[in-house]
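Data first, discussion second: the structure below is written as structure tokens.
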Amino acid sequence: MSNALIYDDAGKPSIMVRIPKFRVSDVIPGGPDKIHSAFIVDGVEKDELFISKYQNIIVNERAYSLPFQEPAVNVTFDEAVAACELKGPGWHLMTNAEWAALALWSKKNGTLPRGNNDWGSNIDHPDEKGICFDDCKVLTGSGPDTWAHDHTRDGIFDLCGNVWEWCSGVRLLNGELQIVPDNNAARRTDRWETVTVDGKTLKYSETEGGLMLTTNKPKGSWNGCRFNALEADIDVPDILKELALYPVDDTITDYFWAGLKGERAALRGGNWYHGSYARSGFALYLGAPPSYASIYVGFRAAFVL
């Protein structure tokens, strides 16, 4: 991985990490031999994309990736999108496709990121700590190398824990799974397509006969489960694994939360108190409306031309 300073149209820099193009089969054993969706924008393959090295701050309404900062929180989905896009062409809120590409790459390479999931430290490695500024959150990039996606100082930090991060390109609408295809959410966040299997709409559901089920909770109480507890009554389409919406094997124990009523946008990574529920960067919360804002929620920008 290599780092780069990329300047926005206000002349201000962000520290970004270059991610070279790769195939799904490079990160999912037995996966399709196609370019990962994160590297396809409006039908054009991209040789590289750049991801904020750090959870973002906001200065003069624009998002920036800088070390040892207090990450921006209390932002809605639309506010996060605006802070990224205001920086100029190519800038956008990190998409779910990009997040999934990083998570799968880290898993394949044995460097699943650890992070602040236990009030300033890591629940599995309590000796690993960041610089805690409010008894719960840590300054961006202040943790050890294992808190980066490649376990080096050149990597992307805090994808696991600290604060949840808005991601564009995937949502639930009354339980129905919808995506913006490929990485087109890097350009437009509202071109939704329903995921279907054999002509049937794909839903996350607790009810008998749903296309995707979880079976270990009493009926009426399900709002999610660990990734390795997700079950399906269909052949799961490859795209769900490619987008880290369904597990590629049974080793991912991060939690998947879902809201089955109304519009629910995507938050990824977990926060400072989720412990084993946010252990490796796969955690996904599809339970918040886009208007949600809290001290638990931040974001990061990405860049692709």
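These numbers were taken from a predicted model, which means no experiment stands behind them. Reckoned from all heavy atoms, side chains included, excluding hydrogens, waters and symmetry mates. Start at 1 with the first residue, then count along the sequence.
Evaluated for a salt bridge (charged side-chain N to carboxylate O under 4.0 Å, His left out) with E45, the options K21, K34, R23 yield exactly one hit, K21.
By the 4.5 Å heavy-atom criterion applied to side chains, L284 and L245 are counted as neighbours. At least one side-chain heavy atom of E242 sits under 4.5 Å from a side-chain heavy atom of S37. Counting heavy atoms from C-beta on, the side chains of L230 and P247 come closer than 4.5 Å. T196 is not listed as a side-chain neighbour of L202, based on a closest heavy-atom distance of 4.5 Å or more. Residues Q55 and V163 form a side-chain contact, since some pair of their non-hydrogen atoms from C-beta on lies under 4.5 Å apart.
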For this session: Begin with the C-alpha distance, continue with both residues' side-chain angles, and end with the deciding distance and a verdict on salt bridge (charged side-chain N to carboxylate O under 4.0 Å, His left out) for D145 and R153.
Result: CA-CA 6 Å; D145 292 359; R153 293 311 294 179; 3.2 Å; yes
For this session: Apply side chain to side chain contact (heavy atoms under 4.5 Å, CB included) to T194 and L177, showing your working.
Result: CA-CA 6 Å; T194 300; L177 180 63; over 6 Å; no
For this session: Give the C-alpha distance, both sets of side-chain angles, the deciding distance and a yes or no for side chain to side chain contact (heavy atoms under 4.5 Å, CB included) between N122 and W147.
Result: CA-CA 9 Å; N122 183 265; W147 290 17; 4.2 Å; yes
Exercise. Going through the distances and angles, do D249 and K107 end up as a side chain to side chain contact (heavy atoms under 4.5 Å, CB included)?
Worked result: CA-CA 11 Å; D249 58 35; K107 185 179 188 305; 2.6 Å; yes
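Cluster annotation: L267 is connected to Y277 through the hydrophobic network of ILVMFWY side chains, with a link wherever side-chain heavy atoms come within less than 4.5 Å. At a threshold of 4.5 Å between side-chain heavy atoms, the hydrophobic network of Ile, Leu, Val, Met, Phe, Trp and Tyr places I15 and W91 in two separate groups. Tracing side-chain contacts under 4.5 Å through hydrophobic residues (I, L, V, M, F, W, Y), one never reaches F157 starting from M16; they form parts of separate clusters. Residues F282 and V170 are members of one and the same hydrophobic cluster, defined by side-chain heavy-atom contacts under 4.5 angstrom among Ile, Leu, Val, Met, Phe, Trp and Tyr. V297 and Y64 fall into different hydrophobic clusters, defined by Ile, Leu, Val, Met, Phe, Trp and Tyr side-chain heavy atoms under 4.5 Å apart, directly or through other members.
Taking all atoms of both residues into account, the shortest heavy-atom contact from V304 to V41 is CG1-CG2, 4.4 Å.
A donor-acceptor pair is defined here as one N or O able to donate and one able to accept, closer than 3.5 Å; such a pair exists between the side chain of N3 and the backbone of D154. One N or O on the side chain of S106 and one on the backbone of L102 form a donor-acceptor pair closer than 3.5 Å. A donor-acceptor contact shorter than 3.5 Å is absent between the side chain of D42 and the backbone of N184.
Using a 4.0 Å cut-off between charged nitrogen and carboxylate oxygen, K108 and D26 do not count as a salt-bridge pair. A salt bridge is absent between K137 and E70: the closest approach of a Lys/Arg side-chain nitrogen to an acidic carboxylate oxygen does not fall below 4.0 angstrom.
Side chains of S25 and D33: a donor-acceptor N/O pair is present below 3.5 angstrom, by distance only. Checking N228 against T253 by side-chain atom types alone, no donor-acceptor pair falls below 3.5 Å.
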